[in-house]
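First listed ligand is number 1; within each ligand, the first listed atom is number 1.
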Amino acid sequence: MSKTWRPATQLVHGGTLRSQYGETSEAIYLTQGFVYDTSEAAEARFKGETDGFIYARYGSPTNDMFEKRMCMLEGAEDARATASGMAAVTAAILCQLKSGDHIVAARALFGSCRWVVETLAPKYGIECTLIDGRDLANWEKAITAKTKVFFLESPTNPTLEVVDISGVAKLANQIGAKVVVDNVFATPLFQKPLELGAHIVVYSATKHIDGQGRCLGGVVLSDKEWIDENLHDYFRHTGPAMSPFNAWTLLKGIETLPLRVRQQTENAAKIADFLAEQSKVAKVIYPGRKDHPQADIIARQMTGGSTLVCFELKGGKEAAFALQNALDIVKISNNLGDSKSLITHPATTTHKNLTEEARAELGISPGTVRLSAGIEDTDDLIEDFAKALAKVSA
Ligand SMILES: *Cc1c(COP(=O)(O)O)cnc(C)c1O
């Protein structure tokens, strides 16, 4: 296993544990437990004197391959695979905090992530301050003597705003706090939060890593010391472990991650440029375009655009619904990162639980639409949009 492999190679070969049969494809080890040759061997395993698996809630071979492959891609020392992205986010945040601690989070968060820090954490005496994460001064102002964790997504859902990750990391290091980055929208290919100074990275593997709409999954990555001291026991005893079947599905998904993300990004960029020229479209936000309001930060911290495009229709909700209903290839779905192009109207779906004001704060208007570009033929997708836009009244 070589650390110098480039991502496309790591994602096909990294972490592979071949059994005595020499199988080409990774094996699925669907087992809850493991047997020991002797009582002494069991004792040694439990004492941590010998390597090996004990119980699938703690770890198992197929999950281990997935975790190792993710570590290589991310440049992380260690990882834990979880049953869903939300299990990863919840574990990453709660495992390191206690009553009295304080979180500062950028308010533009995936709905369930926002619930974890805004509603769940305070029930256990962990307070959270939500800020507009685009301005570093807001992070600094929100710091208290109790601040232990900074939490952010970048780019954000659905308006694709970005947060200056290295700027936030510098502030965190001054007070000994940890930065947790939900890197789903950037994908592990286009943004490396650990290199930018973040301490913990989380993914919903449900999105681009599976990328084919099959299973849920998540992963938490960090340095070995942080995982040993914070996540290790929490993970063993609260049980967010991923099913080995899903770990296998995700291992197969991850092999084609660069191919899919490259095609999705190319499609997203071309659709963004097409939409920007249409008279019924008020604005397009796309991290790969020069007119993105934070293009300078994007140039510093990302190596690619995005598989997502956010745009606003002049005709509000009525126009957004008409467009979505008239699309043929592009499907209406709140999921993202899939090989199928998916479109959603955030105000009535993913962000319906926020108040009108909270949505406005995030830049979500009744005409806002989010596209997750798939891997279909670019021209077919553009023709689908052209045909559907023609049916939207001006
Ligand atoms: C989907 C998503 C999650 C939650 O992941 P699940 O796998 O659905 O639990 C968290 N954060 C972001 C940014 C997401 O897109």
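- R236 places no side-chain N or O within 3.5 Å of a backbone atom of R57 that could act as its donor or acceptor partner.
- Using modelled atom types, one finds no donor on one side chain facing an acceptor on the other under 3.5 Å when comparing K192 with T303.
- Put simply, the side chain of N138 never gets that close to the backbone of I131: no donor and acceptor are under 3.5 Å apart.
- Using a 4.0 Å cut-off to heavy atoms of S84, the atoms of ligand 1 that qualify are 7 (O), 9 (O).
- Residue, atom and distance of the protein heavy atom nearest to atom 9 (O) of ligand 1 are M86 N, 2.8 Å.
- Ranking protein heavy atoms by distance to atom 6 (P) of ligand 1, first place goes to G85 N, 3.4 Å.
- With respect to K146 and E127, no salt bridge is recorded, no charged nitrogen being found less than 4.0 Å from a carboxylate O.
- Closest protein heavy atom to atom 7 (O) of ligand 1: T206 OG1, 2.6 Å.
- In terms of protein heavy atoms, atom 4 (C) of ligand 1 is closest to F110 CE2, 3.4 Å.
- Atom 1 (C) of ligand 1 has as its closest protein heavy atom K207 NZ, 1.3 Å.
- The nearest protein atom to atom 11 (N) of ligand 1, hydrogens excluded, is given as D182 OD2, 2.6 Å; this is a heavy-atom distance.
- Annotation: E153 places no N or O atom under 3.5 Å from an N or O atom of ligand 1; distance criterion only.
- Under 3.5 Å, the side chains of T16 and R69 contain a donor-acceptor pair of N or O atoms.
- Residue contact annotation: N157 has no non-hydrogen atom under 4.0 Å from ligand 1.
- A salt bridge links D164 with R300: the distance from a Lys NZ or Arg NE/NH1/NH2 to an Asp or Glu carboxylate oxygen falls below 4.0 Å.
- If you look at C113 next to ligand 1, the close heavy atoms, those under 4.0 Å, all belong to the side chain.
- Of the N or O atoms in V184, none lie within a sub-3.5 Å distance of an N or O in ligand 1.
- Side chain of D101 to backbone of I126: no donor-acceptor contact under 3.5 angstrom is found.
- Ionic pairing of E266 and K270 is present here: one or more N-O contacts between side-chain nitrogen and carboxylate oxygen are shorter than 4.0 angstrom.
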